[in-house]
Each structure stands twice: as C-alpha cells, then as structure tokens.
Amino acid sequence: MNAELWRATLEIFAPYHLLQADPYGGTILYDWTAAPDAPTERFRFNVVIRGEALKAENISISAFRQVLGPDGKIWQSAPVSPDLHRDLENAVLARAAEQRTMHY
C-alpha cells in the first residue's frame, strides 16, 4: 500500500468522521457527515488503496449521499455527481504527489 496515498486521504477527508481505518488492508471508511453550511445533505465515503505506485488505479473512492426528507426526520438516498469520485481521487493523488515532493 502507498503511504503517501494513505496520508493524503486522511488529510483530504479530515472534515469527515472516521469510522474505520485498516492500514494493512488499505481501507478507510468514513461515517455519514453533514457540512455545517448544508445540514440537510450528508455524505459517506469508502476509500480503498492498493499497490505501492502513486497511480490512479491504486486508489478507489466510493461516495454516498443522502438528503433529509420533507418531514425533516428521515434521510433518503440521493444521487452523487458522476464527477465526484474522480475529482476526489485526483485531489488525493495531487496531495500525495505534493507530499512526495516535500520529502525528497
């Protein structure tokens, strides 16, 4: 597993509630978290890091979104922007590359 991808993921997703992290298996799971400025919408993320190389195919991010229903009590599944996964993966890759540059 790539340590730079691991650290970059933890940094990028720092605002989200960490549910479980397995550095040996390369998985990081985040719990449902709503942004303070959007309390009726929340996201959950699963991240899988595999391989040693700093490459796009070594990181996979799944995103899940819910919105608060009209009653204000029940969360309902909602679509995620099709670009969100790729944008997050690119952000992690860019941060990992920055970290690598800073350490060499």
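Sequence positions, counted from 1, serve as the residue numbers for this chain.
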Side chain of D71, backbone of I74: donor and acceptor closer than 3.5 Å?
-> yes
Within 45 degrees of the axis of the six-membered ring of Y30 and under 6.0 Å from its centre: does R44 put its NZ or CZ there?
-> no
Flag the pair T40 / V67 as yes when at least one side-chain heavy-atom distance between them is below 4.5 Å, and no otherwise.
-> no
CD1 of I59 to NE2 of H85, rounded to nearest 0.5 Å, is 12.0 Å
Would you call T9 and I49 a side-chain contact if the rule is heavy atoms closer than 4.5 Å?
-> yes
hydrophobic_cluster_shared for I12 and L93, side chain cutoff 4.5 Å = yes
So OG1 of T27 and CD of Q20: to nearest 0.5 Å the spacing works out to 6.0 Å
Path from L84 to V92 over hydrophobic side-chain contacts below 4.5 Å | yes
May I ask you to decide if D31's main-chain N or O and T33's side chain share a donor-acceptor pair within less than 3.5 Å?
-> yes
Between A96 and A8 the two heavy atoms that sit nearest each other are N-CB, 3.6 Å
How many angstroms lie between CD in E41 and CH2 in W75, if you round to the nearest 0.5 Å?
-> 8.5 Å
May I have the step-by-step check of side-chain contact (heavy atoms from CB on, under 4.5 Å) for S60 and R50, ending in yes or no?
-> CA-CA 9 Å; S60 175; R50 54 193 170 277; 3.7 Å; yes
Would a hydrophobic clustering, with Ile, Leu, Val, Met, Phe, Trp and Tyr connected at side-chain separations under 4.5 Å, put V48 with V80?
-> no
Judged by atom type as modelled, is there a donor-acceptor pair below 3.5 Å linking the side chain of R65 to the main-chain atoms of P79?
-> yes
Any ion pair linking R95 and E98 (charged N to carboxylate O, less than 4.0 Å)?
-> yes
Test side-chain contact (heavy atoms from CB on, under 4.5 Å) applied to Q66 and Q76, step by step = CA-CA 5 Å; Q66 291 182 335; Q76 301 172 342; over 6 Å; no
Give the cluster check for L5 versus L18: same hydrophobic cluster or not, with ILVMFWY residues linked at side-chain heavy-atom distances below 4.5 Å.
-> yes
Does some side-chain heavy atom of N46 sit less than 4.5 Å from a side-chain heavy atom of I61?
-> no
Is any side-chain heavy atom of S81 less than 4.5 Å from a side-chain heavy atom of R86?
-> no
Please lay out, stage by stage, how F13 and F45 fare under the test ring pair (Phe, Tyr, Trp, His ring centres under 6.0 Å).
-> CA-CA 9 Å; F13 288 93; F45 300 98; 4.9 Å; yes
Where do A21 and P23 come nearest, in terms of heavy atoms and distance?
-> O-CD, 3.7 Å
4.5 Å side-chain heavy-atom contact, N58 and L54 = no
Got a donor-acceptor contact below 3.5 angstrom from the H17 side chain to the W32 backbone?
-> no
